[in-house]
Amino acid sequence: MGLALEAKASAATDPAAKQQLLGEALEAYRAVQPVAGGPRHDVALYHAGRILATLGQTAEAKSTLEQALEASREADDPALTSTIEDRLAALEAGA
């Protein structure tokens with residue numbers, strides 16, 4: 001659901017509609033696996049962090065991505081861990 005809402009947001013020409021759809025995508029990602037330690041919790045946090053960054057909520061994005069990083073390490077998912085580290089580095093660099 002989150003990916004579909006993101007796709008709609010990227011196609012939206014109205015800025016307010018885009019913001020609303022990104023907010024809905026964020027909520028969809030948060031709802032995927034809200035339980036820490038639950039299956040794919042790390043992925044849900046990662047996508048939520050991406051959306052927060054897109055929305056310009058950098059501090060919350062960093063916090064969420066740091067949680068995702070910890071969860072991905074606990075889940076022993078090196079590919080996701082690397083992706084999250086790259087995204088955090090980009091946010092730190094102001095990208």
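Heavy atoms only: backbone and side chains are in, while hydrogens, waters and symmetry mates are out.
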Enquirer: How far apart are the closest heavy atoms of A71 and H41, and which atoms are they?
Expert: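 Result for this residue pair: CB-CD2, 4.4 Å.
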Enquirer: Is the shortest distance from a Lys or Arg side-chain nitrogen in R73 or E85 to a carboxylate oxygen in the other one below 4.0 Å?
Expert: yes
Enquirer: Do L52 and L91 belong to the same hydrophobic cluster, where Ile, Leu, Val, Met, Phe, Trp and Tyr are linked whenever their side-chain heavy atoms lie under 4.5 Å apart, directly or via other members?
Expert: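 No, separate clusters.
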Enquirer: Answer yes if V32 and I51 sit in the same cluster of Ile, Leu, Val, Met, Phe, Trp and Tyr residues linked by side chain heavy atoms under 4.5 Å apart, and no otherwise.
Expert: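 No.
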Enquirer: Nearest 0.5 Å, what's the CD-OG1 distance between E92 and T58?
Expert: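 So the CD of E92 and the OG1 of T58 are separated by 10.0 Å.
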Enquirer: Shared ILVMFWY cluster between L45 and L88, side chains joined below 4.5 angstrom?
Expert: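 Different clusters.
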Enquirer: Decide whether L22 and L3 are clustered together by the hydrophobic rule: side chain heavy atoms of Ile, Leu, Val, Met, Phe, Trp, Tyr closer than 4.5 Å, transitively.
Expert: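 L22 clusters together with L3.
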Enquirer: Show the nearest heavy-atom pair for residues A48 and L26, with the distance to one decimal.
Expert: O-CD1, 3.6 Å
Enquirer: Counting neighbours of NZ on K62 that are heavy atoms of other residues, nucleotides or ligands and sit closer than 6.0 Å, is the number greater than 12?
Expert: yes
Enquirer: Any side-chain donor-acceptor pair under 3.5 Å between Y29 and E24?
Expert: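 Looking only at side-chain atoms, E24 and Y29 do not form any donor-acceptor pair under 3.5 Å.
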Enquirer: Under a 3.5 Å distance rule, please check whether T54 uses its side chain to pair with a backbone N or O of R50 as donor and acceptor.
Expert: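 Indeed, once roles are kept as given, a pair shorter than 3.5 Å links the two residues.
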Enquirer: Whether R87 and E66 form a salt bridge (side-chain N of Lys/Arg under 4.0 Å from carboxylate O of Asp/Glu) is what I want to check.
Expert: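 The answer is no: the pair does not qualify as a salt bridge.
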Enquirer: Would a 4.5 Å heavy-atom cut-off, applied to side chains only, mark R40 and D77 as touching?
Expert: yes
Enquirer: Using side-chain heavy atoms (C-beta onward) and a distance below 4.5 Å, is Q67 in contact with S63?
Expert: yes
Enquirer: Show the nearest heavy-atom pair for residues A61 and G49, with the distance to one decimal.
Expert: CB-O, 3.5 Å
Enquirer: Give the C-alpha distance, both sets of side-chain angles, the deciding distance and a yes or no for side-chain contact (heavy atoms from CB on, under 4.5 Å) between K18 and L55.
Expert: CA-CA 10 Å; K18 183 176 189 135; L55 289 169; over 6 Å; no
Enquirer: Keeping the roles fixed (side chain from S82, backbone from A79), state whether a donor-acceptor pair exists under 3.5 Å.
Expert: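 Not confirmed, S82 side chain does not pair with A79 backbone.
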Enquirer: Considering all heavy atoms of both residues, which atom of I84 and which atom of S72 are nearest to each other, and what is their separation?
Expert: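 Here I84 and S72 meet closest at CD1-OG, 3.9 Å.
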Enquirer: Do you know the tightest heavy-atom contact between A25 and G2?
Expert: CB-O, 3.7 Å
